[in-house]
Amino acid sequence: MAIPKAQRWLLVALVLSGAASAVSGSIDPYFLDVVMGVGVGVVLASSLNLINGFTGQFSLGHAGFMAVGAYTSAMLSTVVAPRMGWGAGALQWVFFPASLVAGGLVAALAGLAVGAPSLRLKGDYLAIVTLGFGEIIRVVLQNVDAVGGARGLTGVPTHTNLLWTFGTASLTVYTVWALLESTRGRGFLAVADDEVAAEAMGLDTTRYKITAFGIGSFFAGVAGGLYAHLKGYLNPGGFSFEKSIEIVVMVILGGMGRHAGVVFAAILLTLLPEGLRELGSRSIPNPFGGPAWSLDWIKDARMILYSLLLILLMLLRPEGLFHRRQPRRPSS
Amino acid sequence: MSASASLLQLTGVTIRFGGLTAVSSVTADVREGELAGLIGPNGAGKTTLFNLITGVYQPTDGRIDFAGSGTAGRRPFHLTGLGIARTFQNIRLFPSLSVAENVRVAFHRHLRHRAWHSILRGRAFLAEEAELAERALELLGIFNLERFRDAPARSLSYGDQRRLEIVRALATRPRLLLLDEPAAGMNPSEKDELMRLIRFVRDRFGLAVLLVEHDMKVVMGICERIHVLEYGRKIAEGSPAEIRADPKVIAAYLGD
């Protein structure tokens with residue numbers, strides 16, 4: 001186990017994010033937006049992987065935790081920041097990260113609040129409770145005028161840049177990896193495998209599950225903050241059940257409890273809709289002469305193609321794209 | 001600490017599931033360093049008694065004391081920390097962990113590092129991890145399992161999986177080891193080897209063993225004292241010779 005290497009990788013990732021950020025002025029804004037969306041996706045997928053993949057709990061409320069973090073940090077930026085009288089630099093480099101952490105902490109509190117009472121539930125039942133939580137958050141946000149209600153929250157400063165996005169993504173992946181890569185961390189897998197045996201070996205399974213929920217929702221909250229300051233606008237509709245499903249799909253596709261696989265799936269699934277949109281605006285030359293064939297139909301069929309691709313992948317690789325070790329859950 | 005001091009003491013332990021009294025007013029004890037057996041026909045309540053001792057169930061009535069303190073209200077992981085370890089009737093290893101990791105996870109109650117140490121990965125953390133890896137290998141080595149250390153736990157043969165369960169239980173550093181039908185599914189030569197192993201474990205680690213077993217050859221062969229259950233009640237207690245001659249035991253097994 002070459003462990004100090006891990007920290008070196010983290011450092012390299014942070015430096016690269018910083019360097020990319022420094023030259024981001026010359027990058028096409030649409031492209032930049034997509035790339036940062038990828039970073040946010042990686043944070044979301046990796047943090048959910050801790051809960052769903054490694055600890056074996058089925059949470060369907062990740063978008064809810066993301067919303068809590070997004071609204072918390074956005075409110076800090078729109079309500080508190082203007083009264084501080086800070087300069088633009090201080091706002092972006094000091095206030096913004098602090099607001100991300102604050103958003104993460106509030107989301108973690110929400111995670112603990114949901115997790116603690118509902119962790120007696122297993123599988124489908126836990127999924128239903130977390131799903132309900134996500135919906136409650138969305139409906140509350142839709143009806144509270146102070147955060148914009150159904151109109152959404154506008155005027156969020158766009159502080160998010162490549163450094164913050166990929167810095168956070170690297171930190172998330174590193175944290176989840178480092179947490180798991182220890183004797184104590186192996187307990188998460190043991191809890192997922194067999195709770196009765198885990199308790200008999202001295203593991204406090206409830207505490208493991210709450211820890212997973214707390215850390216997972218912390219990073220979901222930070223991802224929400226990044227997202228808010230990336231788009232400059234928040235709408236409760238963006239944190240619906242479908243968003244949670246999207247993140248769950250990333251985790252499943254990446255192969256439940258594979259670090260790299262889930263990162264890869266997050267990148268792929270964030271790029272795919274954009275790629276299809278791009279493809280839809282092209283046309284291919286007609287080999288028989290005459291007008292070129294437009295690929296405009298792809299634009300309309302985008303979501304169908306996306307779903308078909310998922311179905312195909314699940315049929316061909318039910319254990320996810322990556323599975324170096326044996327599938328986590330024996331099918332027998 | 002004298003050799004005959006009671007490590008585990010059950011006093012009038014009763015558990016009811018609805019109208020069914022699975023274990024009824026059982027009083028028994030296991031002494032320090034003793035090899036004790038628990039036998040009885042199918043459905044006599046042996047595994048239920050194990051689950052009561054390890055905190056999976058709480059007794060409806062009566063009390064259980066371990067090393068001088070009551071275990072009421074304590075959860076299984078806490079009792080493991082106090083020194084009760086067990087194996088399962090149907091093997092329950094962690095299938096997604098390797099053989100060595102199965103053992104390392106069981107060091108949990110004795111870990112010095114906290115979760116955030118694994119994120120900082122400081123010197124002390126790394127030293128402890130290396131030490132634990134070493135200790136896991138050492139334990140596996142005693143049972144000739146070290147060559148499988150990186151293999152997935154479920155790839156082991158049935159007998160090796162049973163032995164790995166014992167290694168894993170030992171990693172929690174127990175004072176009392178509960179073995180639930182360790183000889184199930186073993187052939188005669190494996191059973192002989194298991195008997196040697198249990199004696200060896202008791203001597204080497206200086207712990208008490210309580211063993212549930214159907215195989216009379218194994219029970220009579222290694223146990224110093226045997227408790228007999230029938231329909232949730234204790235009907236006899238004594239040395240193998242006494243148990244073999246006890247008319248109530250003979251009646252329970254052969255019918256009147």
Side-chain angles (χ1 to χ4, degrees), chain A residues 1-10 50 53-56 171-172 174-208 210-212 214-215 256-258 323-332, chain B residues 51 54-56 75-88 91-98 100-121 123 125-126 128-133 136 152-155 165 168-169 171-174 178:
Chain A
M1 254 195 288
I3 289 155
K5 226 165 100 187
Q7 277 140 320
R8 237 176 290 153
W9 277 113
L10 176 64
L50 176 61
F54 293 112
T55 320
L171 267 175
T172 311
Y174 171 80
T175 305
V176 174
W177 175 87
L179 201 60
L180 266 295
E181 208 56 39
S182 70
T183 301
R184 191 177 286 277
R186 283 293 184 247
F188 287 102
L189 301 178
V191 170
D193 274 350
D194 190 331
E195 282 188 34
V196 175
E199 286 257 335
M201 292 309 120
L203 276 64
D204 184 346
T205 53
T206 310
R207 196 162 158 181
Y208 267 102
I210 290 183
T211 307
I215 296 176
M256 301 283 266
R258 299 287 171 287
H323 61 115
R324 261 175 301 127
R325 288 203 275 174
Q326 289 173 330
R328 175 126 291 140
R329 296 250 162 241
S331 49
S332 57
Chain B
N51 285 333
T54 52
V56 176
R75 284 180 52 195
F77 70 86
H78 199 166
L79 292 173
T80 308
L82 292 178
I84 302 180
R86 72 176 292 181
T87 64
F88 293 90
I91 301 171
R92 299 185 90 142
L93 291 166
F94 303 120
S96 64
L97 298 183
S98 72
E101 283 170 344
N102 263 277
V103 179
R104 270 172 62 180
V105 160
F107 290 138
H108 186 268
R109 295 304 291 178
H110 306 284
L111 288 180
R112 289 189 300 271
H113 72 254
R114 323 272 326 152
W116 53 272
H117 286 123
S118 61
I119 294 168
L120 298 179
R121 306 194 96 73
R123 211 174 280 268
F125 165 80
L126 295 178
E128 185 181 13
E129 286 289 283
E131 180 196 322
L132 292 176
R154 67 161 147 234
S155 69
E165 259 211 329
R168 187 179 65 169
T172 66
R173 291 197 220 151
L178 305 175

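Every chain is numbered from 1, with letters handed out A, B, ... down the list of sequences. Values below: every heavy atom of this structure, side chains too, minus hydrogens, waters and symmetry copies. Keep in mind that what you see is a predicted model, and the values were worked out from it rather than measured.
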Okay, B:Leu120 and chain A: the region with an atom under 4.5 Å from a heavy atom over there is backbone
Within this structure, what is the CG-CZ distance for the pair B:Leu132 and A:Arg186, rounded to the nearest 0.5 Å?
13.0 Å
Looking at chain B, which one of A:Leu203, A:Thr205, A:Thr211 has the largest number of heavy-atom pairs inside 4.5 Å, strictly under?
A:Leu203
By side-chain contact (heavy atoms from CB on, under 4.5 Å) - contacts of B:Arg112 (at least two apart)
B:Glu128, B:Glu131
Can you tell which part of A:Phe188 gets under 4.5 Å to a heavy atom of chain B, answering side chain, backbone, both or neither?
neither
Counting distance only, does the side-chain N/O of B:Thr80 pair as donor-acceptor with the main-chain N or O of A:Ala200 below 3.5 Å?
yes
Check: B:His78 main-chain N/O paired with A:Glu199 side-chain donor or acceptor under 3.5 Å:
no
Taking the side chain from A:Asp193 and the backbone from B:Ser96, do they hold a donor-acceptor pair closer than 3.5 Å?
yes
Are any of the side-chain heavy atoms of B:Arg109 and A:Met201 separated by less than 4.5 Å?
no
Specify the closest pair of heavy atoms between B:Ala115 and A:Leu179, including all atoms of both residues, with the distance to one decimal.
O-CD1, 3.9 Å
I would like to know whether B:Arg121 and A:Ser182 meet side chain to side chain donor-acceptor pair (under 3.5 Å); could you show each step before the answer?
CA-CA 9 Å; B:Arg121 306 194 96 73; A:Ser182 70; over 6 Å; no
Are any of the side-chain heavy atoms of A:Thr183 and B:His108 separated by less than 4.5 Å?
no
Go through the atoms of B:Leu111 and report whether side chain, backbone, both or neither lie under 4.5 Å from a heavy atom of chain A.
both
Under a 4.5 Å heavy-atom cut-off, does chain A meet the side chain of B:Thr54, its backbone, both or neither?
neither
Nearest heavy-atom approach of A:Val196 to B:Phe88 is CG1-CE2, 3.8 Å
Separation between CD1 (B:Ile119) and CD (A:Glu181), nearest 0.5 Å, reads 13.0 Å
Please report the interatomic distance CZ(B:Phe125) to CZ(A:Arg184), rounded to the nearest 0.5 Å.
10.0 Å
Name the option with the most non-hydrogen atom pairs under 4.5 Å to chain A; the candidates are B:Arg86, B:His113, B:His117.
B:His113
Between B:Phe94 and A:Leu189, is the side chain to side chain contact (heavy atoms under 4.5 Å, CB included) condition met? List the steps.
CA-CA 8 Å; B:Phe94 303 120; A:Leu189 301 178; over 6 Å; no
Considering all heavy atoms, the nearest B:Val105-A:Ala190 contact:
CG1-CB, 4.0 Å
